[in-house]
Each structure stands twice: as C-alpha cells, then as structure tokens.
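Read through the structure below, which is laid out as structure tokens, and then see the notes.
Residue numbers run from 1 in the order of the sequence given. Note that ligands are numbered from 1 as they come in the structure, with each ligand's atoms numbered from 1 the same way. Reckoned from all heavy atoms, side chains included, excluding hydrogens, waters and symmetry mates.
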Amino acid sequence: MEQFKLGWIGLGNMGTPMVKNLLKAGYEVLVYNRTREKEADAIAAGATSAQDMAALTGQSDVIFVMVADDAAAKEIFTGDKGLLNADSEAKIFINVSTVSSETSKYLAEQCQAKGAFFLEAPVSGSVKPAEEGTLIVLAGGDADVLEKVKPVLAAIAKLTLHIGPVGTGSAAKLAVNYLLALNLQGLAETVLFAGQGGVSTETMLTIINESAAGNGITKLKGPAILKNEYPAAFALKHMTKDLRLATAQGLNTPLSSPVYQTFKDAEANNLGNEDVMAIIKQLKG
Ligand code: NAP
C-alpha cells in the first residue's frame with residue numbers, strides 16, 4: 001500500500017475530526033486553515049502546520065479540501081495564493097466539501113490543466129460519524145484514481161461509493177441532504193403539533209423513536225430538542241446552502257420549495273450558525 005503524505009485544508013467542525021482519524025491511521029498530515037488558530041487541535045493530535053497553501057501542495061501527495069462552500073473551494077484551488085499555484089503535476093486533489101456539480105467539474109478542469117488528478121468526495125454523515133470514522137464517501141471521478149486513495153478514505157469512512165463521473169458525487173450528496181432537510185422539518189413540525197394537543201416533547205420523541213416513524217436523525221436530534229440547545233454539528237447555514245444548490249440543480253418538487261423557504265427564513269432570523277435542528281425555533285415562531 002502506498003503511504004501517501006497527506007495535506008488538508010479546512011479545519012472546521014468536520015475537518016478536525018477527519019484529520020484526527022487520518023493521524024490515528026498512521027498518516028503524516030500537513031494542515032492549513034484560513035484562521036490559523038483553529039489548527040491547534042489537529043496539531044495537538046500530531047498534524048504539522050503548513051507555511052501556506054502552495055507549500056502544502058508541494059509537500060503532499062494527496063490533498064483534501066473541507067471548506068464551507070463553492071466560493072471557498074474555488075478560492076482555495078485557484079485563488080492567488082491557492083493550492084494550484086504550486087507545481088501540482090500528478091498530485092491527487094480530493095474535495096470533500098459539499099459544492100455544486102458545476103463547481104466540481106470546474107475544479108476538475110483546473111486540476112487537469114495543471115497535470116493533477118481530481119476527485120469529488122462529499123461525505124454523508126455529521127460530526128459524530130466524522131469522529132468515529134464512519135462517514136459515507138460519495139465519490140465522483142476516475143475509478144482508477146479513486147482505487148489508489150481508497151485505503152486513505154477507509155480511515156475516515158465506513159463506506160466509499162463510486163457514484164460516477166465528476167458531478168455525480170455532488171448530485172448524490174445534494175439529494176441525500178434534501179431528505180435530511182425533510183426529516184428535520186418533519187420532526188420539528190410533528191413535535192410542535194403534538195405539543196398543541198398536550199403531548200410532551202419527551203413523550204412524542206419516545207413515540208417517534210420507538211415506532212417505524214423514527215430514524216437515525218430523529219434519534220440523533222432528540223436530546224438537543226429536549227434541552228432546547230442547538231450548538232452546531234451541521235450549521236444550519238450549510239443546509240440552506242445545500243438546498244440552494246439543489247434548487248439550482250433542478251430540485252423542484254411539492255415539498256422542496258417550502259422546506260428551502262423555512263431554512264432561508266431561519267437563516268434570516270440569525271439561526272444560521274446554530275445546528276440544523278434549530279429549524280424548530282423558526283417553526284415555533
Ligand atoms: P465549518 O465548521 O463551518 O467550517 C468551515 C471551514 O471552511 C473552516 O475551516 C473555514 O475556515 C473554511 N472556510 C470558509 N470560507 C473560507 C474561505 N473563503 N477561504 C478559506 N477557508 C474558508 O463547516 P463544516 O461543518 O466543517 O462543513 C464543511 C463542509 O462540509 C461544508 O461544505 C458542509 O456543507 C459539508 N458537510 C458538513 C457536515 C456537518 O455535519 N457539519 C456534514 C457533511 C458535509 P475559518 O476557520 O477560517 O472560518
């Protein structure tokens with residue numbers, strides 16, 4: 001097995017635990033985060049801080065990017081001080097951030113122009129699976145390149161799926177997050193409706209989670225609803241972004257528009273930096 005030297009850009013809620021799992025698996029990881037202080041946890045776990053992004057490209061074989069959105073990913077790859085400013089020939093770049101299919105294709109073209117390889121690999125699963133190394137990778141790109149890096153991905157994911165060419169991984173990710181958004185709004189509306197009829201939140205959550213109506217997300221988010229505290233695991237603003245991207249990619253169903261509107265309204269009401277489950281505060285009014 002090839003022992004790649006890894007580079008990692010973006011140490012937010014997802015990036016930091018994912019890097020820790022790569023370190024645990026024995027990889028050398030060079031890291032860079034725009035706000036440099038946020039590298040501290042990864043460095044304490046054994047990562048090395050890169051001087052800048054070009055240096056990170058120069059000193060790594062496989063470079064991961066896990067940042068907020070399309071604009072951030074584009075800036076990191078192609079900006080004045082971006083990754084592709086260094087000699088990138090034969091390097092493998094893997095974008096694990098959630099972006100549009102169009103942005104993924106653009107990044108792939110930019111990498112190809114530099115003689116580099118590109119995979120899109122958005123992940124399904126939030127902070128807990130990121131900590132436990134049980135994410136699901138939804139990869140788009142060349143199957144042979146993916147095969148090469150599968151052992152690396154195994155350190156962060158329980159399952160790596162090759163969806164198809166670049167663009168299809170993003171399409172799959174936006175689709176599964178749409179279902180997640182429906183579940184979150186459905187859970188919030190159900191608990192609030194039950195409350196109107198005199199059913200306590202705790203009782204209603206037990207009914208949901210002990211019945212066929214319950215699922216992974218209703219179990220995961222129950223404790224936050226009971227405490228009425230929503231520190232971000234998956235920031236609500238990122239779900240609004242995903243619904244915006246999905247809508248731009250043609251999502252147009254009876255439920256898609258009202259769910260997107262709820263998330264937009266929640267963000268406008270300053271809930272963007274709270275967890276996605278804070279959608280319940282928006283619905284409570
Ligand atoms: P986060 O905690 O908000 O972290 C965002 C990261 O992006 C930070 O490292 C931030 O740097 C960086 N960033 C933002 N704008 C930037 C820019 N213009 N230039 C350079 N860096 C920039 O986000 P997260 O929860 O880790 O999510 C990251 C990505 O994964 C998003 O695309 C999200 O949709 C996706 N995702 C999230 C989850 C989840 O449950 N959290 C699950 C699956 C996928 P600073 O520290 O300098 O701000």
Side-chain angles (χ1 to χ4, degrees), residues 7-21 31-43 47 49-50 52-54 56 63-84 94-101 103-104 107 120-139 153 156-159 169-170 172-181 183-184 216-217 220-221 224 230-246 263 267 271-279:
W8 190 286
I9 308 277
L11 294 163
N13 288 330
M14 293 295 283
T16 299
M18 291 166 84
V19 164
K20 286 184 181 172
N21 281 325
V31 295
Y32 178 91
N33 193 67
R34 177 181 61 176
T35 309
R36 307 286 328 235
E37 307 85 72
K38 290 195 200 160
E39 294 171 3
D41 267 10
I43 292 169
S49 178
D52 53 35
M53 288 196 268
L56 184 139
I63 297 113
F64 288 87
V65 176
M66 186 44 144
V67 293
D69 53 23
D70 297 55
K74 282 183 179 166
E75 176 71 20
I76 281 160
F77 275 88
T78 62
D80 288 348
K81 295 183 176 164
L83 292 168
L84 293 175
I94 307 180
N95 183 40
V96 281
S97 335
T98 305
V99 299
S100 67
S101 299
T103 294
S104 274
L107 298 177
E120 60 172 352
V123 295
S124 182
S126 190
V127 170
K128 196 160 177 276
E131 287 168 351
E132 292 168 351
T134 56
L135 294 164
I136 302 172
V137 170
L138 312 175
L153 295 171
I156 56 174
K158 65 177 176 186
L159 181 64
S170 301
K173 171 63 187 168
L174 295 179
V176 75
N177 269 23
Y178 173 52
L179 180 58
L180 183 60
N183 271 296
L184 291 162
I217 200 70
L220 188 69
K221 298 300 182 187
Y230 305 96
F234 179 24
L236 190 146
K237 64 183 175 192
H238 293 324
M239 179 61 96
T240 315
K241 175 254 307 177
D242 293 347
L243 291 170
R244 174 173 52 75
L245 296 178
F263 277 86
E267 201 174 321
L271 296 173
N273 288 320
E274 296 197 35
D275 189 65
V276 275
M277 197 62 244
I279 198 70

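Remark: Asp275 pairs with Lys221 by the salt bridge (charged side-chain N to carboxylate O under 4.0 Å, His left out) rule, at least two apart or across chains.
Each of Asn33, Asp41, Val127, Val31 was scored for a side chain to side chain contact (heavy atoms under 4.5 Å, CB included) with Thr16, with one residue passing: Asp41.
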CA sep, side-chain torsions, deciding dist, call: Val65, Leu83, side-chain contact (heavy atoms from CB on, under 4.5 Å): CA-CA 10 Å; Val65 176; Leu83 292 168; 3.6 Å; yes

Before you tell me yes or no, could you show the steps for Ile279 and Met277 under side-chain contact (heavy atoms from CB on, under 4.5 Å), namely the whole-Å CA-CA distance, both residues' side-chain angles and the distance that decides it to 0.1 Å? CA-CA 5 Å; Ile279 198 70; Met277 197 62 244; 4.2 Å; yes

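Ion pairing of Arg36 with Glu39 is present here, as a side-chain N (NZ or NE/NH1/NH2) and a carboxylate O approach within less than 4.0 Å.
In terms of modelled atom types and a separation under 3.5 Å, the side chain of Asp69 and the main chain of Ala72 share a donor-acceptor contact.
Near ligand 1, Gly10, Leu11, Gly12, Asn13, Met14, Asn33, Arg34, Thr35, Lys38, Met66, Val67, Ala68, Ala72, Ile76, Ser97, Thr98, Val123, Gly125, Ser126, Lys173, Ala233, Phe234, His238, Lys241 each place a heavy atom less than 4.0 angstrom from the ligand.
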